[in-house]
S.K.: 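After the structure tokens below, expect a handful of questions from me.
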Amino acid sequence: INPQGQRIWKVEGRSLRRDHDWLLYITNHGDTATTVKLAFPAKPLAIKDLRSGGSIPEDGLIPLTSGETRLIQVELENLG
């Protein structure tokens, strides 16, 4: 979803839940840049961009340029 809570066209996201975290990939298939807001079932302990090695803020706002794919690791307090 975008920061205003609306679905974004031409953006694809997939997730995989593991024992200790989630892996996400997000791809912008659109012709223009956009911003995606991630929502979590629990407070994230850490959000990391696995391609750049950088951290993503807890607010979950992720800018995507046209054609960009982001690979993200999310560690949460409770996965139970």
Side-chain angles (χ1 to χ4, degrees):
I1 61 174
N2 67 15
Q4 293 77 34
Q6 301 166 328
R7 291 184 183 263
I8 304 170
W9 290 100
K10 298 185 180 181
V11 172
E12 176 184 2
R14 304 281 180 189
S15 65
L16 171 68
R17 181 177 173 177
R18 303 190 306 176
D19 290 337
H20 60 285
D21 62 6
W22 287 78
L23 292 179
L24 311 172
Y25 90 80
I26 304 168
T27 302
N28 180 3
H29 297 288
D31 295 331
T32 59
T34 190
T35 299
V36 174
K37 180 173 175 51
L38 300 177
F40 305 105
K43 180 181 178 186
L45 296 173
I47 309 170
K48 185 175 182 179
D49 185 318
L50 295 178
R51 287 190 165 182
S52 71
S55 295
I56 294 172
E58 280 188 22
D59 63 8
L61 291 175
I62 300 174
L64 292 169
T65 60
S66 176
E68 183 177 16
T69 298
R70 304 282 291 266
L71 182 59
I72 299 163
Q73 177 186 31
V74 180
E75 294 182 48
L76 299 174
E77 287 183 345
N78 294 313
L79 292 178

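None of these values were measured; they are calculated from a predicted model. Every heavy atom of this structure was used, including side-chain atoms; hydrogens, water molecules and symmetry mates were not.
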S.K.: Determine yes or no for a side-chain-to-main-chain donor-acceptor pair under 3.5 angstrom, with Ser15 supplying the side chain and Leu24 the backbone.
M.R.: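 No, because the side chain of Ser15 does not come within donor-acceptor range (under 3.5 Å) of the backbone of Leu24.
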
S.K.: So which heavy atom on Ile47 is nearest to which on Pro57, and how close?
M.R.: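 Of all heavy-atom pairs spanning Ile47 and Pro57, the closest is CD1-O, 3.5 Å.
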
S.K.: Do Pro63 and Arg70 have side-chain heavy atoms sitting under 4.5 Å apart?
M.R.: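 Result yes, sub-4.5 Å side-chain heavy-atom pair found.
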
S.K.: Please determine whether residues Ile62 and Tyr25 belong to a single hydrophobic cluster, defined as Ile, Leu, Val, Met, Phe, Trp and Tyr linked transitively by side-chain heavy-atom distances below 4.5 Å.
M.R.: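 Per the 4.5 Å side-chain linkage, Ile62 and Tyr25 are not co-clustered.
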
S.K.: Can you tell me how far apart CG (Leu71) and CZ (Arg14) are? Round to the nearest 0.5 Å.
M.R.: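 So the gap between those two atoms works out to 14.5 Å.
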
S.K.: Mind listing the closest non-hydrogen atom pair of Ser66 and Gly30 along with its distance?
M.R.: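 Heavy atoms only, the tightest pair is OG-O, 2.7 Å.
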
S.K.: What distance separates Gln73 CD from Asp21 CG, expressed to the nearest 0.5 Å?
M.R.: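 If I round to the nearest 0.5 Å, the distance is 4.5 Å.
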
S.K.: Can you tell if the side chain of Lys10 reaches within under 4.5 Å of the side chain of Thr32, non-hydrogen atoms only?
M.R.: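 No, too far: nothing below the 4.5 Å cut-off.
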
S.K.: Write down the atom of Asn28, the atom of Leu64, and the distance for their closest heavy-atom approach.
M.R.: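 Heavy-atom minimum between the residues: ND2-O, 3.4 Å.
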
S.K.: Taking the side chain as everything from C-beta on, heavy atoms only, tell me whether Pro44 gets closer than 4.5 Å to Leu76.
M.R.: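 Pro44 vs Leu76: side chains touch.
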
S.K.: Transitively linked via ILVMFWY side-chain contacts under 4.5 Å: Ile56 with Val11?
M.R.: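 Yes.
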
S.K.: Could you tell me whether the side chain of Lys48 reaches within less than 4.5 Å of the side chain of Glu75, counting heavy atoms only?
M.R.: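 Counting from C-beta outward, Glu75 and Lys48 never come under 4.5 Å.
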
S.K.: For the residue pair Arg51 and Asp49, what are the closest heavy atoms and their distance?
M.R.: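 So the minimum-distance heavy-atom pair works out to N-OD1, 2.9 Å.
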
S.K.: Using a strict 4.0 Å threshold on nitrogen-to-oxygen distance, state whether Asp59 and Lys37 make a salt bridge.
M.R.: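 Answer for the salt bridge query: no.
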
